[in-house]
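First the structure, in the form of structure tokens, and then the observations on it.
Position 1 is the first residue of the sequence; numbering continues from there. Hydrogens, waters and symmetry mates are skipped; everything else that's a heavy atom, side chains included, is used.
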Amino acid sequence: MGGQRQVRPTRVYETVTNLLNKRIFPQFPVQKPVWYDVMQSIPPSEIVVRPLPPQHKQPNPKAKRPSRMFQPQQLVYEEDGLRHTFYKDHPWELARPRMIIEMDGKDAQRYDWSKGLQQPGMPLCGESVVQRQLWVMHNVEGMTQQKAYDMVRREFYALRHMEDVERRIAKEEAMKVGAYFGMGSNQVSMHLENQEYEFWKKWAGRQIIDIQAEKDAAYTNFGDTEEADADSLAEELTDDIPYVPDASESDNN
């Protein structure tokens, strides 16, 4: 068996088919295996050699023996590095809610990044910066990655500032006609922090008073306690000694 290719497992379906068609007792029905119909619709591969997956990067020339040849390789795109840089500099952009639902799966084909960051049907986000920067890098002559990042980042800051101004003006107009807005998230967090700070101040004040009282009690009762202990010990000793009359008292009696 050494050195010979084992092809018997690939003939399982053929063998079972022959056994079902040529039965010794045709009058008795035989139940087909559960996997029989599945193997008929999806037959196994006739190639017994494991194929090499597509290579997405050049192999290491210094490697003496290739390793992990049959494991899927990691796919790395150009946009991945741009996303990492942007979200490393702007981590709070990840906290903004995003809508990732697409209508027909072709929304990206309708975006024209040559016109700027604002695209129809897509709110301003970090992905807008990444796609705009990628377009500038490949379509503007002499543009490096850092220069494109700085240019697109300035456009992004201007649009974010415009959004903040619009929200502030809309809030002021609503308050002019009687609208009331509750505390924001920052105000709520500051209020809770102040409550915890006041609770800690009261607890710390009680702790200081208790510690000071223990110190005062230790200093004021130190000498009195020793004197009281000495007096009580002397009384106990005098009570334990028996009374013996002297000679003068015995003669008089």
Side-chain angles (χ1 to χ4, degrees), residues 38 41-43 45 47 50-60 68-190:
V38 178
S41 59
I42 308 175
S45 175
I47 302 175
R50 188 175 183 181
L52 186 67
Q55 304 295 314
H56 303 288
K57 59 182 180 180
Q58 295 295 331
N60 187 8
R68 301 180 180 180
M69 293 179 56
F70 300 103
Q71 292 185 2
Q73 294 186 354
Q74 184 179 5
L75 299 178
V76 180
Y77 296 95
E78 188 178 5
E79 296 93 327
D80 297 338
L82 305 181
R83 291 190 187 95
H84 177 75
T85 303
F86 176 78
Y87 287 113
K88 182 180 179 181
D89 297 338
H90 310 82
W92 284 105
E93 284 295 322
L94 294 171
R96 293 180 180 270
R98 288 188 57 189
M99 184 181 66
I100 58 176
I101 300 177
E102 296 183 353
M103 302 304 295
D104 55 357
K106 299 180 181 180
D107 295 354
Q109 299 178 5
R110 291 188 287 268
Y111 298 151
D112 186 5
W113 298 108
S114 62
K115 298 181 179 179
L117 290 173
Q118 290 183 326
Q119 298 295 327
M122 181 179 181
L124 185 64
C125 60
E127 189 64 24
S128 304
V129 178
V130 172
Q131 297 299 329
R132 170 68 173 168
Q133 180 184 357
L134 188 66
W135 185 90
V136 171
M137 290 169 54
H138 289 282
N139 294 274
V140 178
E141 185 177 358
M143 185 65 65
T144 61
Q145 177 177 344
Q146 188 62 35
K147 290 182 180 179
Y149 180 61
D150 294 338
M151 186 186 73
V152 177
R153 188 173 49 168
R154 286 193 293 268
E155 297 176 4
F156 177 75
Y157 293 159
L159 293 175
R160 280 284 187 234
H161 179 68
M162 189 181 301
E163 290 180 354
D164 293 339
V165 172
E166 290 177 356
R167 282 194 297 267
R168 185 162 60 248
I169 293 175
K171 181 178 179 180
E172 293 176 357
E173 291 177 351
M175 294 177 66
K176 282 292 185 179
V177 296
Y180 174 79
F181 297 93
M183 293 190 300
S185 57
N186 292 334
Q187 294 175 342
V188 171
S189 61
M190 290 296 296

Scan the side chains in residues 169-187 for donor-acceptor partners under 3.5 Å anywhere in the protein, sequence neighbours excluded, and list what turns up.
residue, atom, partner, partner atom, Å
Gln187, OE1, Gly184, N, 3.1

Arg110: partners by side-chain hydrogen bond (donor to acceptor under 3.5 Å, both in side chains), with sequence neighbours left out: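 side-chain hydrogen bond (donor to acceptor under 3.5 Å, both in side chains) check on Arg110 returns Asp104, Asp107.
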
side-chain hydrogen bond (donor to acceptor under 3.5 Å, both in side chains) against Glu78, all qualifying residues, sequence neighbours excluded: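 With neighbours one apart ignored, the set is His138.
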
Please list all pairs meeting salt bridge (Lys or Arg N to Asp or Glu O under 4.0 Å) that have one or both residues in [range], counting only residues at least two apart or in different chains.
range	result
residues 136-146	none
residues 84-94	Glu93-Arg96, Glu93-Arg160
residues 118-129	Arg83-Glu127

Specify the closest pair of heavy atoms between [X] and [Y], including all atoms of both residues, with the distance to one decimal.
X	Y	answer
Ala148	Met137	CB-CG, 3.6 Å
Tyr149	Thr85	OH-O, 3.9 Å
Pro123	Ser128	O-OG, 3.8 Å

Quick one: salt bridge (charged side-chain N to carboxylate O under 4.0 Å, His left out) partners of Asp164, sequence neighbours excluded?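 Asp164 satisfies salt bridge (charged side-chain N to carboxylate O under 4.0 Å, His left out) with Arg167 only.
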
For Arg168, enumerate each residue passing the salt bridge (charged side-chain N to carboxylate O under 4.0 Å, His left out) test, keeping only those at least two apart in sequence or located in another chain.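 Arg168 satisfies salt bridge (charged side-chain N to carboxylate O under 4.0 Å, His left out) with no residue once adjacent residues are dropped.
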
Got a sec, which pairs hit ring pair (Phe, Tyr, Trp, His ring centres under 6.0 Å) with one end in residues 89-111, sequence neighbours left out?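 Sorted result for residues 89-111: Phe86-His90, His90-Tyr157, Tyr111-Trp113.
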
Among residues at least two apart in sequence or on other chains, which ones pass side-chain contact (heavy atoms from CB on, under 4.5 Å) with [X]?
X	value
Lys147	Met143, Thr144
Val76	Gln74, Asp80
Ser41	none

Answer whether the closest heavy-atom distance between the side chains of Leu82 and Gln145 falls below 4.5 Å.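 Yes, close enough: below the 4.5 Å cut-off.
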
pair Gln133-Arg153: side-chain heavy atoms closer than 4.5 Å: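 In short, these two side chains do not touch, never coming nearer than 4.5 Å.
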
Got more than 12 heavy atoms from elsewhere within 6.0 Å of CD, Gln118?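 Counting neighbours around CD of Gln118, 12 or fewer heavy atoms of other residues, nucleotides or ligands fall under 6.0 Å, so no.
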
